[in-house]
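One structure is given below, encoded as structure tokens.
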There are 2 protein chains.
Amino acid sequence: MKRITIKDIARELNLHHSTVSRALRNDASVREETRIRVSNYARECGYQINMSALHLRGNKSNTLAVVVPNINHNFFSNIISVFTNLAFQNGYVVSVFQSNESSVQEGEIINALIKNNVAGVIASIAMDTINPAHFELLKQYRIPLVFFDRICHGIAVPKVTVDNYSALLEVVNILARKGCTRIAHITGGSKMNVFKDRQRGYLDGIKQNKLTYVRKEEIVASFDIDTGMQVAGKLLSEDPVPDAIICDSHFLVLGAIFKIKEKGLKMPDDIKLVGFGDNPYVQVTSSKMITVVQPDEAIAEAAFDLLLRKLENREDDIIEDRTFSVKIVDNAELIT
Amino acid sequence: MKRITIKDIARELNLHHSTVSRALRNDASVREETRIRVSNYARECGYQINMSALHLRGNKSNTLAVVVPNINHNFFSNIISVFTNLAFQNGYVVSVFQSNESSVQEGEIINALIKNNVAGVIASIAMDTINPAHFELLKQYRIPLVFFDRICHGIAVPKVTVDNYSALLEVVNILARKGCTRIAHITGGSKMNVFKDRQRGYLDGIKQNKLTYVRKEEIVASFDIDTGMQVAGKLLSEDPVPDAIICDSHFLVLGAIFKIKEKGLKMPDDIKLVGFGDNPYVQVTSSKMITVVQPDEAIAEAAFDLLLRKLENREDDIIEDRTFSVKIVDNAELIT
DNA sequence: AAAAATAATACACACGTGTGCAATTGAGAT
DNA sequence: ATCTCAATTGCACACGTGTGTATTATTTTT
């Protein structure tokens with residue numbers, strides 16, 4: 001029960017394996033009759049090309065890689081889902097890698113990518129990645145790379161992002177219009193573009209609306225429910241208490257909701273809560289919050305598109321960035 | 001800027017590439033001094049082994065595949081996340097494939113798996129997969145396969161499942177104990193083990209509790225919010241109206257919540273809602289529902305464990321199944 | 001110092017595929 | 001029947017790696 005190769009087919013049909021190879025690739029130099037004979041027999045015996053051999057021969061593979069901090073975060077699993085469908089439709093296979101927010105693991109992943117001859121990579125970097133040296137390594141090996149969402153600025157590759165600055169600016173504007181004057185912001189380390197931009201937007205929003213409330217930003221290192229509870233709890237116990245909290249992550253929001261309920265505050269009357277991501281649960285919960293919804297599908301499509309273009313053109317001087325704007329949904333207005 | 005191979009190293013160090021190969025693999029037959037010389041130089045010039053060549057040479061790869069209906073469903077992305085970490089720690093790389101609930105696409109995926117020489121596969125089958133012929137193909141190619149969650153019965157491979165029968169039996173018991181008498185069940189096509197088992201559990205629960213309410217089961221073909229709204233709407237407009245609805249999927253629950261709120265019913269007093277999956281939002285929402293929580297991490301670990309065992313032992317006659325019991329969480333009792 | 005034994009390295013081949021080039025076949029033209 | 005040219009197929013090699021075997025280098029033994 002050995003695997004069938006073109007050599008097996010050649011032997012069976014009294015041909016040379018090179019002829020079989022050409023026949024299967026519809027090379028014009030092979031006679032019509034032979035081509036049909038080969039393709040028929042190949043179908044009959046269930047021949048499947050050996051990609052490993054093809055990769056070795058051509059120094060290129062049909063494997064794309066997705067590198068993300070966490071596969072099971074809503075945003076990233078949406079990206080992977082869309083990206084995988086697109087890739088598969090175009091004859092590629094997708095391998096997934098998760099840095100677990102660790103720059104060290106990210107480095108190990110890059111090595112694995114090189115070892116495994118991946119054809120191209122889309123990546124969203126780990127929280128503590130400041131030095132993009134390991135990504136430069138990819139470039140050295142001429143492996144096309146596209147950053148999305150969480151990007152490195154110090155490296156010349158196409159980037160797909162959302163306009164985080166405008167997102168937070170608009171959020172603050174909306175909150176101010178609703179009468180909020182004490183707007184807090186729970187965000188991440190300022191090294192990363194995502195948080196840096198949001199912090200700029202937040203600050204400008206505060207300024208533009210001439211809010212007297214002292215700028216209140218809490219920087220957290222990890223994004224989980226416990227951290228959200230801790231920080232939100234701290235904010236809510238201070239005087240004056242904020243009348244709005246913006247959470248830069250999904251899980252922080254959950255912690256905040258806990259604490260808000262614990263304090264007996266009502267949303268959105270007593271306090272307004274803003275979160276990122278479009279978890280459909282938000283729409284049906286009675287915790288009427290405002291969500292910043294990112295165009296996941298469009299982001300994945302753009303990343304794939306940019307990567308594919310780099311894969312097809314051998315010119316690697318096209319460095320085109322794409323920025324998408326977010327949609328801000330006020331769930332208080334949405335549900336009856 | 002070419003990629004460094006063992007031949008390059010050999011040339012540089014005046015050795016034969018076979019000696020370099022042995023040195024890097026710590027073969028005892030190579031002199032200590034040479035081994036160090038080689039490994040030092042390899043490190044210096046950043047040598048990375050070419051996996052494609054290794055795969056070709058050894059007829060085996062370091063790539064594992066995960067085949068699921070949808071990557072972006074909470075349960076599956078959790079599985080992929082855990083599985084990927086385990087795989088990477090053990091030197092494997094994980095490719096993901098999504099059938100989009102289509103048996104046809106599943107077939108194409110299997111072909112891709114064979115083409116790409118994946119070392120092993122864990123899979124959860126598509127909704128309309130009755131005939132597991134394409135999975136048999138994997139067996140023919142001696143590619144180890146482990147089913148999880150949604151399994152095929154007609155094929156002899158290890159299976160990792162949850163005890164869906166007991167889950168629904170217990171759910172009905174809990175509901176009955178709470179005084180429910182008109183318990184409805186929104187489930188999927190009965191061909192699949194997951195739904196078949198739950199339907200058995202539901203029916204036995206109805207019987208054991210001697211409920212007079214006519215068994216009310218709605219079978220749906222797709223699992224999305226719209227379907228949930230439609231079916232839940234239908235149930236709620238009938239007379240008598242159910243006092244409990246069990247939803248076999250995450251998204252069905254969302255639709256049901258919509259309709260329940262639309263009718264002005266309160267949970268859990270007017271009606272009790274049961275859903276699958278442990279989306280953390282459930283814990284903070286005021287829609288006090290009961291959730292059937294599956295041990296995602298344990299399932300992924302078991303699947304990996306079984307697969308790894310098959311990969312290491314060449315004996316492929318170990319067909320050991322693992323079944324996990326679910327945890328039923330009453331969120332009404334959880335939150336203040 | 002020569003022979004034997006052992007250690008260390010080199011050689012050749014295989015894995016499956018694709019491609020440049022040579023060889024063969026066939027047909028048409030003279 | 002011979003020549004020409006095109007159509008078709010075969011041959012040889014390369015991609016990077018690992019391993020059995022032959023070969024060389026070194027040490028030990030007598």
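Below, read A as the first sequence line, B as the second, and so on, with proteins coming before strands; counting in each chain starts at 1. Note: hydrogens, waters and symmetry copies are ignored here, and every other heavy atom, side chains too, is used.
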Please report the C-alpha distance between Y47(A) and Y41(A) in whole Å, then the side-chain angles of each, then the deciding distance to 0.1 Å, and finally whether the ring pair (Phe, Tyr, Trp, His ring centres under 6.0 Å) criterion is met. CA-CA 8 Å; Y47(A) 166 77; Y41(A) 184 74; 9.9 Å; no
Winner on side-chain proximity to R25(A), out of dT9(C), dG18(C), dT9(D), is dG18(C)
Could you please name the option among dG16(C), dT17(D), dA10(C) that lies closest to any side-chain atom of H16(B)? dA10(C)
Residue-phosphate contact under 4.0 Å: T19(A) side-chain N/O, dT9(D) OP1/OP2: no
Taking atom P of dT17(C) as reference, at what distance in whole Å does atom CG of D27(A) sit? 16 Å
Separation of dT9(C) P from L24(B) CG (nearest whole Å): 13 Å
For a quick check of understanding: with a heavy-atom distance under 4.0 Å over all strands, which category does T34(B) fall into, base, sugar-phosphate or nothing? sugar-phosphate
Selection from dG16(C), dA10(C), dC11(D) that lies nearest to any side-chain heavy atom of K2(A): dG16(C)
Look at all strands and tell whether H17(A) reaches a base, only sugar-phosphate, or nothing, counting heavy atoms closer than 4.0 Å. base
Report which part of the nucleic acid N14(B) touches: base, sugar-phosphate, or nothing (heavy-atom distance under 4.0 Å, all strands). sugar-phosphate
Comparing A53(B) and R37(B) on DNA chain C - which has the more 5′ nearest nucleotide: R37(B)
Using atom NZ of K7(A) as one end and atom P of dC15(C) as the other, report the distance to the nearest whole Å. 6 Å
Nearest-nucleotide 5' precedence on DNA chain D, R31(B) against L56(B): L56(B)
For the side chain of N50(B), starting at C-beta, report the closest nucleotide among dG16(D), dT9(D), dG18(C). dG16(D)
Report the distance from atom CD of Q89(B) to atom CD of E108(A), rounding to the nearest 0.5 Å. 10.0 Å
R57(A), nearest nucleotide to its side chain (from dA14(C), dC11(D), dA14(D)): dA14(D)
D8(B) has an atom CG; how far is it from atom P of dT17(D), in whole Å? 9 Å
I'd like to know if E320(A) pairs up with R322(A) as an ion pair, taking the criterion as any Lys NZ or Arg NE/NH1/NH2 lying under 4.0 Å from an Asp or Glu carboxylate oxygen. yes
Could you state the atom-to-atom distance from CZ of R11(B) to C1' of dG16(D) in whole Å? 13 Å
Atom-pair distance (CG on L54(B); P on dG16(D)), nearest Å: 14 Å
Would you state whether a donor and an acceptor, one from the side chain of S18(A) and one from the base of dC11(D), lie under 3.5 Å apart? yes
Do the side-chain N or O atoms of Y47(A) get closer than 4.0 angstrom to the phosphate oxygens (OP1, OP2) of dG16(C)? no
Touch check for S29(A), heavy atoms < 4.0 angstrom, all strands: base, sugar-phosphate only, or nothing? base
Is there a donor in the side chain of N117(B) and an acceptor in the side chain of S52(A), or the other way round, less than 3.5 Å apart? yes
What is the distance, to the nearest angstrom, from the CZ atom on R3(A) to the P atom on dG16(C)? 8 Å
For T5(A), answer base if it contacts any base atom (sugar-phosphate contacts may also be present), sugar-phosphate if it contacts only those atoms, and nothing otherwise; contact means non-hydrogen atoms under 4.0 Å. sugar-phosphate
Side-chain donor-acceptor pair present, S29(B), D27(B), cut-off under 3.5 Å: yes
Under the 3.5 Å rule, do the base of dG20(C) and the side chain of R22(A) count as making a donor-acceptor pair? yes
Classify the ring geometry between F75(B) and F148(B) as parallel (under 30°), tilted (30 to 60°) or perpendicular (over 60°). tilted
Tell me: CG of N59(B) to C1' of dG18(D), nearest whole Å? 13 Å
